[in-house]
Amino acid sequence: MPEYHTSPGTRDILAPDSTRWRALVDVFARVVERAGFGQIIPPMFEDLGVFLRLGEATDIVTKEMYDFEDKGGRRVALRPEMTAGVVRAFVQHRPLLPWKAWYAGPNFRYEKAQQGRYRQFDQVGVEVLGVDDPNLDAEVIALAWEFYGQLGLRQVRLVMNSLGEPEDRARYVDALRDYFTRNEDALTPESRQTLLRNPLRVLDSKREHDAAVVAGAPVIADFYSESAAAHFATVLAGLDRLGIPYEVRPSLVRGLDYYRKTTFEFVGAALEASQNAVGGGGRYDGLAEDLGGPATPGIGFALGVDRTLLECDAEGVFDAPSRNVSVFVVDVTGGQEALSITHDLRGAAISCDRAYEGRSMKSQMKAADRSGAGYALIIGGDELANGTVTLRPLAGQAGDDRTQISIPRTDLIPTLKRVLPS
RNA sequence: GUGGCCGUAGCUCAAUUGGUAGAGCGACAGGUUGUGGUCCUGUAGGUCGCGGGUUCGAUUCCCGUCGGUCACCCCA
């Protein structure tokens, strides 16, 4: 047993998983950069106050934050999500509107880990500041939808809701509090606790016992102002126009307090676990102002990289791309030839690897096979004397022709350039 | 944070009704001395998660602890 291992809720991601991971981020970047988004790389920790804006009733803030005092006496916290930091960056730099930013990176929450839920977890996402247009809501959702499609996912479902304007939401929360208080006896003790902190979240209860009461609760749609109703209707019409299927679920309330108007969630149909929300987002029109900036509308989403990959596994799509070297150098003359040949090939942009420690040819050939390389480049005593190398096709090459050929050392790179798939 | 289940070689798992453990895969080395992927043989690799208790003796029983997993909570 090793003395040290990863902390709870953290893990190492090795190749080939890391290759797949990066490929997923590449797909995301391609999709959103096509839509005019530029990447932002914000710091992983910020002044604690930035994150307190997420809401005093949320567990993310009250229980799960990695906050600490640094050596200079500053109260800082590892970011528990991306939106607050990105909006802080907006307020700090005041880029031209509309500002479209995308990101990828880890967030930190002190939670008990389970599958699809980690203390350090990665998200990819976008934020757009400065546009109130409901068409943007549809566009942003469509980008996430396109991303899932590019990965090959077909069973992700989109769930839509609107929380209305802040005043609508406030009146709704009051009505909800009244309703649940009247029916308190029928609620589980846990939900009664939640009711005191945040009545909205009672709607999220997964306990069977609460189901009946929750089903009879007031519906947010009845509290929409005219403008909020119109905004939401236009968003849904936009989705219809783009052919993106969705389900409106009035009980969808997301965990962060800053959401208003449009909210949405992507649910992985293939995931059995309760951690089946693979992504989510919404509008946060008041957040920039809360962080000391001008009143600026905003919308964005965050998608969990782990959960998305789990969904890919469940649907059997987006396999790890193989990143093999093209050539494997087998040198049975001591290894000096392999040293210079691999150096030369890499200089000519031909990927290659080799075996070390003067192993037997058999052993080196095994290593060549395992490397996935298309060709073994063999240097023995004869080749060394002749100034040649032997090129042997390995498994995985087109056709069954495994005839090996002898090439003058001087022709090696041109020959490989001709033979290798580019 | 609360509760259920689990923790044996790098990986997937056996076994021991308490007498210090095996297999498959993988790794490494051979199979008449320059050729892999199949096959055969062999070798290495485990303080049976960690600590304490009961016992002549514990990997096996008990307690604690750490880690994993599932549900709740929360959320991506």
Side-chain angles (χ1 to χ4, degrees), chain A residues 1-11 14 54 57-64 80-83 105-125 144 188-191 193-194 197-198 201-202 204-210 252-256 265-268 271-281 301-311 328 330-333 355 357 359-384 390-397 400 402-404:
Chain A
M1 261 302 131
E3 187 177 359
Y4 296 109
H5 44 84
T6 50
S7 285
T10 69
R11 65 255 192 266
L14 312 184
L54 301 178
T58 65
D59 282 8
I60 293 175
V61 168
T62 55
K63 303 195 326 210
E64 299 176 356
E81 56 104 57
M82 287 287 207
T83 304
N107 302 295
F108 307 85
R109 292 180 197 170
Y110 193 84
E111 299 184 277
K112 193 163 170 184
Q114 15 181 301
Q115 185 173 60
R117 192 175 80 178
Y118 302 97
R119 290 183 174 176
Q120 176 178 333
F121 64 100
D122 271 59
Q123 292 180 326
V124 295
T188 55
E190 294 89 342
S191 284
Q193 278 301 311
T194 307
R197 297 200 319 273
N198 191 344
R201 297 225 58 87
V202 179
D204 250 359
S205 169
K206 286 171 190 156
R207 291 170 289 266
E208 300 243 340
H209 187 73
D210 292 324
L252 174 70
V253 291
R254 300 184 45 70
L256 276 15
E265 201 163 279
F266 297 97
V267 179
L271 287 175
E272 294 291 331
S274 64
Q275 320 293 335
N276 65 349
V278 295
F301 64 72
L303 314 179
V305 172
D306 279 292
R307 292 185 186 180
T308 301
L309 287 172
L310 284 173
E311 177 71 13
F328 195 95
V330 172
D331 175 3
V332 287
T333 70
E357 297 174 336
R359 294 184 192 279
S360 69
M361 172 162 287
K362 175 171 180 162
S363 166
Q364 295 196 43
M365 285 302 291
K366 276 180 121 165
D369 187 61
R370 203 162 34 215
S371 77
Y375 293 89
L377 203 58
I378 301 167
I379 300 101
D382 295 348
E383 287 85 353
L384 194 56
T390 296
L391 185 65
R392 177 179 176 79
L394 296 173
Q397 290 304 288
D400 272 343
R402 300 287 161 70
T403 329
Q404 55 190 41

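Convention: sequence-line order gives letters A, B, ...; per-chain numbering from 1. Being a predicted model, the structure only gives us computed values, none of them experimental.
Using atom P as the reference point in both B:rC74 and B:rC62, the two lie 35 Å apart (nearest Å). Atom P of B:rC50 sits at a distance of 28 Å from the matching atom of B:rC25, rounded to the whole Å. B:rC61 and B:rG24 have their P atoms separated by 27 Å, given to the nearest Å. A gap of 22 Å separates the C1' atoms of B:rG37 and B:rU33, to the nearest Å. Annotation: B:rA44 and B:rG10 have their P atoms spaced 15 Å apart (nearest Å). B:rU43 and B:rC56 are spaced 39 Å apart, taking the P atom of each and rounding to whole Å. B:rG49 sits 9 Å from B:rU59 when the P atoms are compared, rounded to a whole Å. Only the P atoms considered, B:rA23 is 37 Å distant from B:rU65, to the nearest whole Å.
Rounding to whole angstrom units, CZ of residue A:Arg370 and C1' of B:rU35 are separated by 15 Å. Rounded to whole Å, atom C1' of B:rG49 lies 8 Å from atom NE2 of A:His5. Nucleotide B:rA76 holds its C1' atom 12 Å from the CD atom of A:Glu64, rounded to whole Å. Atom CZ of A:Arg307 is separated from atom C1' of B:rA76 by 5 Å (rounded to the nearest Å). With rounding to whole Å, A:Gln193 atom CD is found 11 Å from B:rC74 atom P. Residue A:Lys112 contributes atom NZ, which lies 10 Å from atom C1' of B:rC72 at whole-angstrom precision. A:Arg109 places its CZ atom 13 Å from the P atom of B:rC74, with the value rounded to the nearest Å. Rounded to whole Å, the distance from NZ on A:Lys366 to P on B:rG30 is 10 Å.
Among the protein residues, A:Phe266 comes within range of no part of the nucleic acid, since none of its heavy atoms lies under 4.0 Å from any strand. A:Gly281 comes within contact range of no nucleotide atom at all, as no heavy-atom separation falls under 4.0 Å. Residue-level contact check: A:Glu190 touches neither bases nor backbone, having no heavy atom under 4.0 Å from any strand. Across all strands, A:Asp382 comes closer than 4.0 Å to base atoms (heavy-atom distances). Residue contacts shown for A:Arg359 are limited to sugar-phosphate atoms, with no base heavy atom under 4.0 Å away. Within the 4.0 angstrom heavy-atom criterion, no nucleotide atom of any strand lies near A:Leu303.
In this structure, B:rG57 forms no base pair with any nucleotide, since neither Watson-Crick nor G-U wobble geometry is met with both distances under 3.5 Å. Nucleotide B:rG24 has B:rC11 as its partner under the Watson-Crick or G-U criteria, with both atom distances under 3.5 Å. Across all strands shown, B:rA71 is found opposite B:rU2 as a Watson-Crick or G-U wobble partner, with both distances under 3.5 Å. The pairing partner recorded for B:rU47 is none, the criterion being a Watson-Crick or G-U wobble arrangement whose two distances lie under 3.5 angstrom. As the counterpart of B:rG18, no nucleotide is assigned, since no Watson-Crick or G-U wobble pattern has both distances under 3.5 Å. If you check B:rA29 for Watson-Crick or wobble pairing at under 3.5 angstrom, you find it paired to B:rU41.
Not a single donor-acceptor pair, N or O on each side, falls under 3.5 Å between the base of B:rU35 and the side chain of A:Gln364. Not a single donor-acceptor contact under 3.5 angstrom links the side-chain atoms of A:Arg201 to the base of B:rC75. In the interface, the side chain of A:Gln114 is not paired with the base of B:rG68 through any donor and acceptor atom under 3.5 Å apart. Donor-acceptor pairing under 3.5 Å, judged by distance alone, is absent between the side chain of A:Asp369 and the base of B:rG37. Donor-acceptor pairing under 3.5 Å, judged by distance alone, is absent between the side chain of A:Glu311 and the base of B:rA76.
Counting heavy atoms from C-beta outward, A:Arg117 and A:Arg307 have side chains that approach closer than 4.5 Å. Looking at heavy atoms from C-beta onward, A:Asp306 lies in side-chain contact with A:Arg11 at the 4.5 angstrom threshold.
Nearest heavy atoms, A:Arg359 versus A:Gln364: O-NE2, 2.9 Å. Heavy atoms only, all atoms of each residue included: A:Phe121 and A:Pro80 are closest at CZ-O, 3.8 Å.
Closest to the A:Thr390 side chain, of the nucleotides B:rG36, B:rG34, B:rC73, is B:rG34. Candidate nucleotides B:rG30, B:rG68, B:rC75 were compared by shortest atom distance to the side chain of A:Pro8, and B:rG68 ranks first. Candidate nucleotides B:rG36, B:rA76, B:rC74 were compared by shortest atom distance to the side chain of A:Lys362, and B:rG36 ranks first.
Nearest-nucleotide positions on RNA chain B for A:Glu383 and A:Ser191 put A:Glu383 closer to the 5' end. Of the two residues contacting RNA chain B, namely A:Arg207 and A:Glu81, the nearest-nucleotide position lying further toward the 5' end is that of A:Arg207.
In summary, the side chains of A:Ser363 and A:Ser360 do not present any donor paired with an acceptor at a separation below 3.5 Å, with no hydrogens or angles considered. Counting only N and O atoms by type, the side chains of A:Thr390 and A:Glu383 include a donor and acceptor under 3.5 Å apart. In summary, the side chains of A:Ser7 and A:Arg119 do not present any donor paired with an acceptor at a separation below 3.5 Å, with no hydrogens or angles considered.
Put simply, the residue from A:Asn107, A:Thr83, A:Leu303 that forms a side chain to side chain contact (heavy atoms under 4.5 Å, CB included) with A:Gln123 is A:Asn107.
Residue A:Ser363 places at least one side-chain N or O closer than 4.0 Å to OP1 or OP2 of B:rA29.
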